[in-house]
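Proteins get letters first, then strands, A, B, ... in listed order; numbering begins at 1 in each. Small disclaimer: the values here were computed from a predicted structure and weren't measured.
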Protein chains: 2
Amino acid sequence: MIYSKECEYAIRAMTYLAQHADRRCMAKEIAEKENLPQHFLSKILQTLVREKLLESAKGPKGGFQLSKPAKTITLYHIKKFVDGVDDLNECAVGLTKCNDEMPCPLHDDFKPIREKVKNYLKSTSLADMTKALDNKKKISKAASG
Amino acid sequence: MIYSKECEYAIRAMTYLAQHADRRCMAKEIAEKENLPQHFLSKILQTLVREKLLESAKGPKGGFQLSKPAKTITLYHIKKFVDGVDDLNECAVGLTKCNDEMPCPLHDDFKPIREKVKNYLKSTSLADMTKALDNKKKISKAASG
DNA sequence: AGTAATTAGGATAATAATATCTAAAAAGGG
DNA sequence: CCCTTTTTAGATATTATTATCCTAATTACT
Ligand code: SF4
Ligand code: SF4
């Protein structure tokens with residue numbers, strides 16, 4: 001609803017990296033564990049390296065890792081580099097470009113929602129993602145055992 | 001952010017029809033007035049007829065019109081028939097399918113936002129769209145004159 | 001130095017979204 | 001009945017997204 005596959009894969013891969021921040025992870029490993037198309041993922045990781053969100057190393061013991069602490073990388077950052085964030089500043093209705101002085105239909109109803117989405121992306125870091133995943137694991141264990 | 005071009009065009013066309021509910025409008029007219037690709041729009045209008053949201057008539061004096069009152073047709077209905085609404089029930093994060101008992105990361109943060117979007121689409125009718133447009137026109141006149 | 005491992009980058013392929021074109025069918029007006 | 005207008009439907013074209021493949025470059029280890 002909010003981002004492309006490419007961006008979704010980027011987020012999932014970076015979340016995986018955040019969960020294994022103690023070492024480098026290979027593209028192949030991430031693809032297998034997260035069930036992502038391997039070659040496509042490699043491309044995505046390359047662009048994330050170019051955008052300085054990741055660091056990479058070639059050869060044996062090579063792989064990818066976050067270039068900075070997980071709590072400083074937000075979903076917004078990732079979307080910004082992969083998809084761009086223009087759509088978050090455009091109308092849901094699509095009648096004209098956004099402009100507070102000359103609002104289009106439903107401005108007052110829609111703009112707050114759009115702001116909430118933007119805010120959610122900006123306030124959610126990879127650290128939050130891993131925390132949420134840990135929680136899920138706990139709940140899952142409690143339920144089954 | 002929420003729907004495809006096709007759906008956006010559908011909404012804009014149907015809003016136009018709601019504004020001119022007293023008569024039938026030709027595809028060409030709608031395309032010109034709303035600045036939409038004409039042939040693509042024709043296709044879209046055809047599917048809306050098949051889905052019973054519009055009625056059509058061929059030949060001279062032909063064209064398209066809403067099949068029921070503007071206030072009974074919501075953005076949600078339109079999206080449902082054009083794009084489908086599955087994405088409104090899926091995760092923003094994309095890690096797994098939605099399931100309240102086994103929530104994925106950020107469920108509690110994201111789900112309310114998603115519900116707000118859904119609600120917005122369900123509670124916004126074509127009549128609301130025309131009302132908002134009228135309002136805009138008024139404001140625009142007051143500002144310039 | 002040699003070899004295996006791994007990322008980087010370019011070429012290509014497959015699929016989906018967006019857009020156009022053309023001919024056929026239906027309706028109205030002469 | 002014929003001509004014009006307009007929708008309908010199907011074929012085709014274009015572009016963007018998603019995905020794969022292949023080769024080169026880099027590095028680690030022996
Ligand atoms: S003014 Fe409001 S309704 Fe109009 S484009 Fe901006 S956010 Fe959308
Ligand atoms: S985060 Fe919540 S809304 Fe999203 S898939 Fe998970 S349970 Fe569903």
Between C1' of D:dT6 and CD of B:E32, the distance in whole Å: 14 Å
Gap separating the CG atom of A:D134 from the OG1 atom of A:T130, nearest 0.5 angstrom: 6.0 Å
Length of the CZ-P vector between A:R24 and C:dA5, whole Å: 17 Å
Flag if over 12 foreign heavy atoms under 6.0 Å of NZ, A:K80: no
Donor-acceptor under 3.5 Å (B:R24 side chain, B:A57 main chain): no
Euclidean distance, atom OH of residue A:Y3 to atom P of D:dT17 [Å, nearest integer]: 18 Å
Those residues of residues 57-67 of chain B lying under 4.0 Å from DNA chain C by at least one heavy atom: B:K58, B:G59, B:P60
Nearest-angstrom distance from the residue atom CZ of A:F40 to P of C:dA11: 18 Å
Side-chain donor/acceptor of A:S67 to backbone N/O of A:K52, under 3.5 Å: yes
Gap between atoms NE2 and C1', on A:H39 and C:dT15 respectively (whole Å): 19 Å
C:dT18 OP1/OP2 closer than 4.0 Å to side-chain N/O of B:Y9: no
Whichever of B:S42 and A:E6 has its nearest DNA chain D nucleotide further upstream toward 5': B:S42
Aromatic ring pairing A:Y9/A:F40, orientation class (parallel under 30°, perpendicular over 60°, tilted between): perpendicular
Value in whole Å for how far the P atom of D:dT8 lies from NZ of B:K28: 17 Å
Nearest to side-chain heavy atoms of B:K43, which nucleotide of C:dT18, D:dT8, D:dG10: D:dG10
Whole-Å gap separating C1' (D:dT14) and NZ (B:K5): 15 Å
Length of the CD-C1' vector between A:Q38 and D:dT18, whole Å: 16 Å
Donor-acceptor under 3.5 Å (B:K79 side chain, B:G84 main chain): yes
Under 4.0 angstrom between B:S56 side-chain N/O and D:dT8 OP1 or OP2: yes
Side-chain touch A:I78/A:Y3, heavy atoms, less than 4.5 angstrom: no
